[in-house]
Amino acid sequence: MVQVIIDWITSLGWAQQPELDYALLEGTYIMEEPDRAVFITPTGGPGYLSEEGAVDGWSFQARVRGTTDDPNGVLQAATLLDIMILKAPFPSSVDGVAIQNAYRAASPPTPLPVDPRDLRREYTCSYIIVTGV
């Protein structure tokens with residue numbers, strides 16, 4: 001599931017140049033490095049959205065982390081990711097999975113508390129994508 005979401009976001013035009021952009025990573029474990037990263041973590045979603053199970057709702061959290069010296073950059077990255085996901089062309093197909101729609105499960109990207117040990121800023125947002133026929 002996570003790789004499909006990462007591949008989908010990449011197909012939307014999310015840049016992946018090491019050291020310059022925010023890397024898309026699987027987020028069940030939040031690594032210390034790189035500083036600029038987007039951790040994609042599956043969350044409990046609505047599940048099947050039709051009686052026959054042909055349409056499924058996958059939910060995920062996008063946690064965007066930036067450097068200590070660029071607090072505005074991480075907000076811009078989280079906002080750009082939010083726009084890309086919500087304005088994506090539908091339907092689409094990635095890795096053999098049909099994606100019919102995407103929407104936010106709650107508010108726009110929201111700041112997480114700053115860890116006083118490293119002062120990196122992070123924003124989080126939750127999404128649901130509708131997959132299937």
Side-chain angles (χ1 to χ4, degrees):
M1 171 181 162
V2 172
Q3 192 58 53
V4 170
I5 294 167
I6 288 172
D7 291 347
W8 174 60
I9 293 170
T10 302
S11 77
L12 297 175
W14 189 259
Q16 292 275 64
Q17 297 176 16
E19 304 301 322
L20 297 175
D21 300 312
Y22 289 76
L24 293 169
L25 303 169
E26 195 270 328
T28 54
Y29 174 72
I30 306 300
M31 300 180 294
E32 288 295 319
E33 299 293 331
D35 284 333
R36 290 186 179 117
V38 178
F39 296 97
I40 303 295
T41 307
T43 59
Y48 288 128
L49 302 172
S50 63
E51 288 182 21
E52 71 279 354
V55 180
D56 200 3
W58 299 359
S59 66
F60 67 95
Q61 176 192 67
R63 180 174 174 166
V64 182
R65 179 177 66 203
T67 62
T68 57
D69 60 343
D70 190 15
N72 291 326
V74 67
L75 175 57
Q76 291 172 347
T79 302
L80 175 61
L81 180 64
D82 189 56
I83 292 167
M84 288 177 76
I85 289 171
L86 297 178
K87 301 289 185 183
F90 297 108
S92 65
S93 181
V94 177
D95 301 342
V97 175
I99 301 175
Q100 303 299 330
N101 198 2
Y103 55 95
R104 230 191 271 122
S107 67
T110 305
L112 291 173
V114 174
D115 184 342
R117 293 175 292 158
D118 67 17
L119 301 177
R120 292 184 289 190
R121 301 291 201 278
E122 293 182 295
Y123 284 80
T124 185
C125 197
S126 296
Y127 302 93
I128 295 174
I129 60 173
V130 178
T131 64
V133 227

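What's counted below: heavy atoms across the whole structure, side chains too, no hydrogens, waters or symmetry copies.
Val2 has its side chain out of reach of Thr28: every pair of non-hydrogen atoms, C-beta onward, lies at least 4.5 Å apart. Tyr22 is not listed as a side-chain neighbour of Leu81, based on a closest heavy-atom distance of 4.5 Å or more.
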Please report the C-alpha distance between Ile40 and Ile9 in whole Å, then the side-chain angles of each, then the deciding distance to 0.1 Å, and finally whether the side chain to side chain contact (heavy atoms under 4.5 Å, CB included) criterion is met.
CA-CA 10 Å; Ile40 303 295; Ile9 293 170; 4.0 Å; yes
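For residues 98-109, the set of pairs meeting the salt bridge (charged side-chain N to carboxylate O under 4.0 Å, His left out) definition, not counting sequence neighbours, comprises Asp82-Arg104. Within the structure, salt bridge (charged side-chain N to carboxylate O under 4.0 Å, His left out) contacts touching residues 123-133 (residues at least two apart or in different chains) do not occur. The list of ring-ring contact (aromatic ring centres under 6.0 Å, His included) pairs with a residue in residues 59-79, not counting sequence neighbours, reads Phe60-Tyr127. Here salt bridge (charged side-chain N to carboxylate O under 4.0 Å, His left out) pairs that include residues 123-133, with residues two or more places apart or in two chains, number zero.
Under a hydrophobic clustering in which Ile, Leu, Val, Met, Phe, Trp and Tyr are joined whenever their side-chain heavy atoms come within less than 4.5 Å, directly or via other members, Val55 and Val4 fall into different clusters. If you chain together hydrophobic residues whose side chains sit under 4.5 Å apart, Val130 and Ile5 never meet in one group.
Every residue meeting the side chain to side chain donor-acceptor pair (under 3.5 Å) condition with Ser59, not counting sequence neighbours, appears here in chain and number order: Thr43. With sequence neighbours excluded, the residues forming a side-chain contact (heavy atoms from CB on, under 4.5 Å) with Ala105 are Ser126, Ile128, listed by chain and number. The side chain to side chain donor-acceptor pair (under 3.5 Å) check on Gln61 picks up Thr124, with sequence neighbours excluded. The side chain to side chain donor-acceptor pair (under 3.5 Å) check on Thr67 picks up Asp69, with sequence neighbours excluded. With sequence neighbours left out, the side chain to side chain donor-acceptor pair (under 3.5 Å) criterion links Gln3 to Asp7.
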Residues 84-103 side chain polar contacts: donor-acceptor under 3.5 Å, at least two apart:
{"unit_1": "Gln100", "atom_1": "NE2", "unit_2": "Gly132", "atom_2": "O", "d": "2.6"}

If you look only at distance, which donor and acceptor atoms sit under 3.5 Å apart when one is on a side chain in residues 108-123 and the other is two or more places apart or in another chain?
{"unit_1": "Thr110", "atom_1": "OG1", "unit_2": "Ser107", "atom_2": "OG", "d": "3.0"}
{"unit_1": "Thr110", "atom_1": "OG1", "unit_2": "Pro108", "atom_2": "O", "d": "2.9"}
{"unit_1": "Asp115", "atom_1": "OD1", "unit_2": "Arg117", "atom_2": "N", "d": "2.9"}
{"unit_1": "Asp115", "atom_1": "OD1", "unit_2": "Arg117", "atom_2": "NE", "d": "3.1"}
{"unit_1": "Asp115", "atom_1": "OD2", "unit_2": "Arg117", "atom_2": "NE", "d": "3.2"}
{"unit_1": "Asp115", "atom_1": "OD2", "unit_2": "Arg117", "atom_2": "NH2", "d": "2.5"}
{"unit_1": "Asp118", "atom_1": "OD1", "unit_2": "Arg120", "atom_2": "N", "d": "3.1"}
{"unit_1": "Asp118", "atom_1": "OD2", "unit_2": "Arg120", "atom_2": "NE", "d": "3.1"}
{"unit_1": "Asp118", "atom_1": "OD2", "unit_2": "Arg120", "atom_2": "NH2", "d": "3.0"}
{"unit_1": "Arg120", "atom_1": "NH1", "unit_2": "Glu32", "atom_2": "O", "d": "2.8"}
{"unit_1": "Arg120", "atom_1": "NH1", "unit_2": "Asp35", "atom_2": "OD1", "d": "2.7"}
{"unit_1": "Arg120", "atom_1": "NH2", "unit_2": "Glu32", "atom_2": "O", "d": "3.4"}
{"unit_1": "Arg121", "atom_1": "NH1", "unit_2": "Leu119", "atom_2": "O", "d": "3.4"}
{"unit_1": "Glu122", "atom_1": "OE1", "unit_2": "Arg63", "atom_2": "NH2", "d": "3.0"}
{"unit_1": "Glu122", "atom_1": "OE2", "unit_2": "Arg63", "atom_2": "NE", "d": "3.0"}
{"unit_1": "Glu122", "atom_1": "OE2", "unit_2": "Arg63", "atom_2": "NH2", "d": "3.4"}

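Cluster partners of Ile30, by chain and number: Leu25, Tyr29, Met31, Phe39. The rule joins Ile, Leu, Val, Met, Phe, Trp and Tyr whenever side-chain heavy atoms lie under 4.5 Å apart.
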